Amino acid sequence: MNGAGKDLSGVLVIGGGPAGMFAAAAASLSGARVTLLEKNGRPGRKMSIAGGGRCNLTNTASLPEFIKNIPGNGKFLFGALSRFSNDDCINFFKSLGVRTKEEEHGQVFPAGGRAGDVVTALEKYLLGAGVRIFYRAGATELLFAGRRCRGAGTAGGGVFRSKSVIIATGGASYPQTGSTGDGYLLAQQAGHRIVPLLPGLSPLCCRDKQLCGQLQGLSLKDIVLTLFDGEGKRIAAEQGDVVFTHFGVSGPAALKLSRAVSTQTAAGGGSLRLLADVLPDVAEDALAGELLSAAAAQPGKSILNLIKQFLPGRLAIVQAGKLPLAQHGKAGQAGKETWRKVARLIKYLPLAVTGTRPLSEAMVTVGGVSVDGIDPRTMASRLAEGLYFAGEVMDVDAYTGGFNMQIAFSTGWVAGRSAAGRPCR
Ligand SMILES: Cc1cc2nc3c(=O)[nH]c(=O)nc-3n(C[C@H](O)[C@H](O)[C@H](O)COP(=O)(O)OP(=O)(O)OC[C@H]3O[C@@H](n4cnc5c(N)ncnc54)[C@H](O)[C@@H]3O)c2cc1C
């Protein structure tokens with residue numbers, strides 16, 4: 001295979017995920033001749049499974065809110081998100097015939113509910129715009145002329161020469177989708193520093209497997225999870241839904257905390273503890289008072305059944321098991337001090353955390369190509385002329401809610417225009 005041959009006028013995009021496809025679209029709209037290399041047999045495999053197959057495309061949050069939802073170098077992304085915003089993204093999809101709808105918390109999905117349709121529409125658009133797409137073409141090296149990046153070579157011996165190159169190979173999570181971290185090696189060839197990779201948006205593993213087994217499948221709505229280090233220092237807290245799994249906890253609040261957990265464990269931060277506040281809107285004293293009144297009204301009722309009025313059955317049994325009287329006693333037998341203890345049991349569930357699930361199972365990669373070496377206005381490499389970056393290959397990561405996809409779209413758009421010689425103003 002000898003793709004772009006000696007044609008040095010064009011833009012070469014490496015990676016056909018959302019960042020690469022948007023980069024190709026923007027470069028092509030800017031008048032460049034565009035070639036896209038994708039190592040899979042089809043584009044956007046990760047995008048096709050995103051959001052449970054529905055793909056949360058973006059979020060209607062304001063720009064400041066967007067940045068707050070990007071713990072991994074949010075400020076670096078300010079320029080890209082202003083130059084190609086969530087509204088620009090929604091309008092671009094509309095122009096492709098992909099209508100969108102807004103759901104809870106500003107999350108935007110394709111109205112048809114199928115991520116695959118969005119990928120198909122993007123691929124169709126690119127082909128219609130004359131972008132040459134090479135599938136099963138995994139780039140293995142960058143080509144240079146002095147300090148200038150002039151194309152890439154593929155595993156099959158293909159040589160693709162171009163005026164500029166955009167690395168949009170994604171992170172290293174869910175490698176079965178094609179995101180195997182190749183972009184880090186390519187970037188290193190140009191002298192870029194790689195910030196160590198960690199799992200982001202990953203479920204948390206807990207030490208007490210028996211407890212996890214007892215609670216597996218249980219979901220708790222809108223609770224507060226607080227993370228403490230081994231010395232009891234509060235590290236972070238998140239409010240949201242949580243689901244128990246056979247290994248620990250998942251759900252939005254747990255996923256949000258996972259960045260802090262993986263950072264702490266990588267730094268050898270010792271044992272970590274989670275405290276779940278199951279009833280964050282009720283103070284412990286008020287709860288003890290409610291229990292006392294309920295007990296006075298129904299002295300013959302078992303304490304366990306009283307606890308079940310506040311907690312789902314399985315959790316009530318687990319918590320009552322920690323206090324002998326609560327397991328077997330009647331409400332009338334308990335004094336004020338017992339109700340105080342019961343209130344604490346109802347409100348708080350402590351969990352010892354051992355870490356997160358591995359990077360291969362995480363939704364995003366924390367770390368990647370250091371943003372120090374990238375110009376935030378253009379996504380251009382500061383180290384090699386003609387080289388650009390887009391998407392998750394960079395050291396950027398956000399919370400759930402459509403923010404990661406928008407990062408891919410915005411940085412892809414900005415990189416595409418810049419690489420084509422028409423930077424966004
Ligand atoms: C299960 C799951 C669900 C998710 N759901 C959402 C969601 O609903 N909303 C949201 O905002 N985010 C979601 N994310 C995160 C989001 O999918 C990613 O942040 C986004 O896909 C990153 O886009 P990207 O283009 O940078 O990288 P990727 O989507 O990873 O695409 C990179 C592409 O480059 C190709 N490639 C890699 N190496 C090479 C090479 N050497 N040569 C050629 N091609 C190469 C890969 O095959 C791949 O197609 C989810 C992630 C996962 C894992």
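Whatever order the structure lists them in is the order used to number ligands and atoms, beginning at 1. Remember, it's a predicted structure, so these values are computed and weren't measured experimentally.
Cation-pi geometry between Arg357 and Phe247 is satisfied (NZ or CZ under 6.0 Å from the ring centre, within 45° of the ring normal).
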Which pairs would a plain distance check flag for residues 72-80, meaning a side-chain donor or acceptor within less than 3.5 Å of a matching protein atom at least two apart in sequence or in another chain?
{"residue": "Asn73", "atom": "ND2", "partner": "Asp395", "partner atom": "O", "Å": "2.6"}
{"residue": "Asn73", "atom": "ND2", "partner": "Asp395", "partner atom": "OD2", "Å": "3.2"}

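Listed by first and then second residue, the side chain to side chain donor-acceptor pair (under 3.5 Å) pairs involving residues 50-61 are Arg54-Glu103, Thr58-Gln406, Thr60-Glu102 (not counting sequence neighbours). The stretch residues 235-252 participates, sequence neighbours left out, in these salt bridge (Lys or Arg N to Asp or Glu O under 4.0 Å) pairs: Lys221-Asp241, Glu238-Lys256.
Distance check, rounded to the nearest 0.5 Å: CD1 of Ile307 to CD1 of Ile317 gives 10.5 Å.
Under a 4.0 Å N-O distance rule, the pair Asp88/Arg83 does not qualify as a salt bridge.
Each of Ile14, Gly15, Gly16, Gly17, Pro18, Ala19, Leu37, Glu38, Lys39, Asn40, Lys46, Ala50, Gly51, Asn56, Ala137, Gly138, Ala139, Ala168, Thr169, Gly170, Tyr174, Thr177, Gly178, Ser179, Asp182, Met363, Gly391, Glu392, Gly402, Phe403, Asn404, Met405, Ala408 has a non-hydrogen atom positioned under 4.0 Å from some atom of ligand 1.
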